[in-house]
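Just so we're clear, the structure is a prediction, and the values are computed from it rather than from any experiment. The figures here come from the full heavy-atom set of this structure, side chains too, leaving out hydrogens, waters and symmetry mates.
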Amino acid sequence: MVEDTRIRMKFKPKRIFQMRVAGIAFRNGHVLVHRATHEKFWTFPGGRAEMGERSQETLAREMVEELGAEVSVGRLLWVVENFFHYEGKDWHELGFYYLMDLPESFPFDEEKIVHRVQDGKNALEFRWARATTEALTALDIPPYFIAAEIENLPASTRHVVWDDGNLDDK
């Protein structure tokens, strides 16, 4: 059995802390998003960090695992302390959101799912969404403040404390 070294702590009653690292990749005025097929909302691709792993290494590893692609991890845009309720639990997530470049060989389509993969118990699907506040708001992408900033990324790393509320209501 493979040891699970991802950073995630469970507390009673029904509280979870995790460290997640995600990438913001742009192409042709679009940004890459993904979701587990059982979820209604989309997120930016990434995953949980493992013990002893730098956040940039987490993102690179996750993209190889999920996309089969070696990415170039760029500058850190946001460090987010995100609070939300999901799957009947209260979550406290420490998130690192980086710019990233995908290889040109990674597929692009403005409307269709461009990639699917099985990630443990979850079937994931990836698509390109218009990189506009309006489009990301319509897609329902937590953390929700990013939709408002996607057209004007911060010039330097920004620390954000955010509450996405109840994602079970989505």
Residue pairs passing the ring-ring contact (aromatic ring centres under 6.0 Å, His included) test where at least one lies in residues 143-170, sequence neighbours excluded: Trp78-Phe145, Phe145-Trp162
Partners meeting ring-ring contact (aromatic ring centres under 6.0 Å, His included) with His85 (sequence neighbours left out): none
For Tyr98, give me all partners under side chain to side chain donor-acceptor pair (under 3.5 Å), at least two apart in sequence or on another chain. Ser55
Check side chain to side chain contact (heavy atoms under 4.5 Å, CB included) between Arg35 and all other residues, then give those that pass, not counting sequence neighbours. Trp42, Glu125
Does anything in residues 116-142 form a ring-ring contact (aromatic ring centres under 6.0 Å, His included)? List the pairs, not counting sequence neighbours. His34-Phe126, Phe108-Trp128, His115-Phe126
Sorted by chain and number, sequence neighbours left out, salt bridge (Lys or Arg N to Asp or Glu O under 4.0 Å) with Glu81 holds for none
Would a 4.5 Å heavy-atom cut-off, applied to side chains only, mark Met100 and Pro45 as touching? yes
Under the rule for side chain to side chain donor-acceptor pair (under 3.5 Å), what residues qualify as partners of Asn122, not counting sequence neighbours? none
Report, as yes or no, whether the 6.0 Å neighbourhood of atom CG on Asn152 holds more than 12 heavy atoms from other residues, nucleotides or ligands. no
Not counting sequence neighbours, which residues clear side chain to side chain contact (heavy atoms under 4.5 Å, CB included) with Lys14? List them please. Lys89
Do you know the tightest heavy-atom contact between Leu32 and Arg127? CD1-O, 3.4 Å
For the residue pair Phe44 and Tyr97, does the interplanar ring angle fall in the parallel (under 30°), tilted (30 to 60°) or perpendicular (over 60°) class? perpendicular
Under 4.5 Å between side-chain heavy atoms, hopping through other hydrophobics if needed: is there a path connecting Met51 to Leu59? yes
Please say yes or no: joined through hydrophobic side-chain contacts below 4.5 Å, possibly via intermediate residues, are Val79 and Phe83 part of one cluster? no
Closer than 3.5 angstrom, by distance alone: can the side chain of Asp168 be matched with the main-chain N or O of Gly88 as a donor-acceptor pair? yes
In residues 23-31, what donor-acceptor pairs under 3.5 Å come from side-chain atoms, sequence neighbours left out?
residue	atom	partner	partner atom	Å
Arg27	NH1	Phe106	O	2.5
Arg27	NH2	Pro103	O	2.9
His30	ND1	Asn28	O	2.8

Can you name the residues that form a salt bridge (Lys or Arg N to Asp or Glu O under 4.0 Å) with Glu149, not counting sequence neighbours? Arg158
Any donor-acceptor N/O pair, Trp91 side chain to Tyr86 backbone, under 3.5 Å: yes
Taking Thr133 for the side chain and Ala147 for the main chain, is one N or O donor matched with an acceptor at less than 3.5 Å? yes
With rounding to the nearest 0.5 Å, note down the distance linking CD1 in Ile141 to OG1 in Thr43. 8.0 Å
Check the pair Met63, Glu70 against side chain to side chain contact (heavy atoms under 4.5 Å, CB included), reporting the backbone distance first and the verdict last. CA-CA 7 Å; Met63 294 304 93; Glu70 302 249 344; over 6 Å; no
With sequence neighbours excluded, residues passing side chain to side chain contact (heavy atoms under 4.5 Å, CB included) with Glu62: Thr58, Glu65, Glu66
Linked, directly or transitively: Val33 and Phe96 (ILVMFWY side chains, under 4.5 Å): no
Is it true that a side-chain atom of Asp109 and a backbone atom of Val114 form a donor plus acceptor pair closer than 3.5 Å? no
For the CD atom of Glu93 and the CZ atom of Phe84, what is their distance to the nearest 0.5 Å? 4.5 Å
At what distance, to the nearest 0.5 angstrom, does CG of Leu136 lie from CD1 of Ile150? 5.5 Å
Side chains of Leu94 and Val80: does their closest heavy-atom pair fall under 4.5 Å? no
Could you go through the side chain to side chain contact (heavy atoms under 4.5 Å, CB included) check for Leu102 and Leu67 one step at a time? CA-CA 10 Å; Leu102 291 167; Leu67 300 178; 3.7 Å; yes
Check the surroundings of atom CZ in Arg75: do more than 12 heavy atoms from other residues, nucleotides or ligands lie under 6.0 Å from it? yes
Which residues satisfy the side chain to side chain contact (heavy atoms under 4.5 Å, CB included) test with Thr132, sequence neighbours excluded? Arg130, Glu134, Ala135, Glu151
Answer whether the closest heavy-atom distance between the side chains of Pro142 and Phe41 falls below 4.5 Å. yes
Any donor-acceptor N/O pair, Thr37 side chain to Leu124 backbone, under 3.5 Å: no
CG of Leu153 to CG of Leu77, rounded to nearest 0.5 Å, is 5.5 Å
If hydrophobic clusters are built from ILVMFWY residues whose side chains come within less than 4.5 Å, do Ile146 and Leu99 share one? yes
Cluster overlap Leu139 with Leu167, hydrophobic side-chain contacts below 4.5 Å: yes
Got a salt bridge between Glu50 and Arg61, using NZ or NE/NH1/NH2 to carboxylate O under 4.0 Å? yes
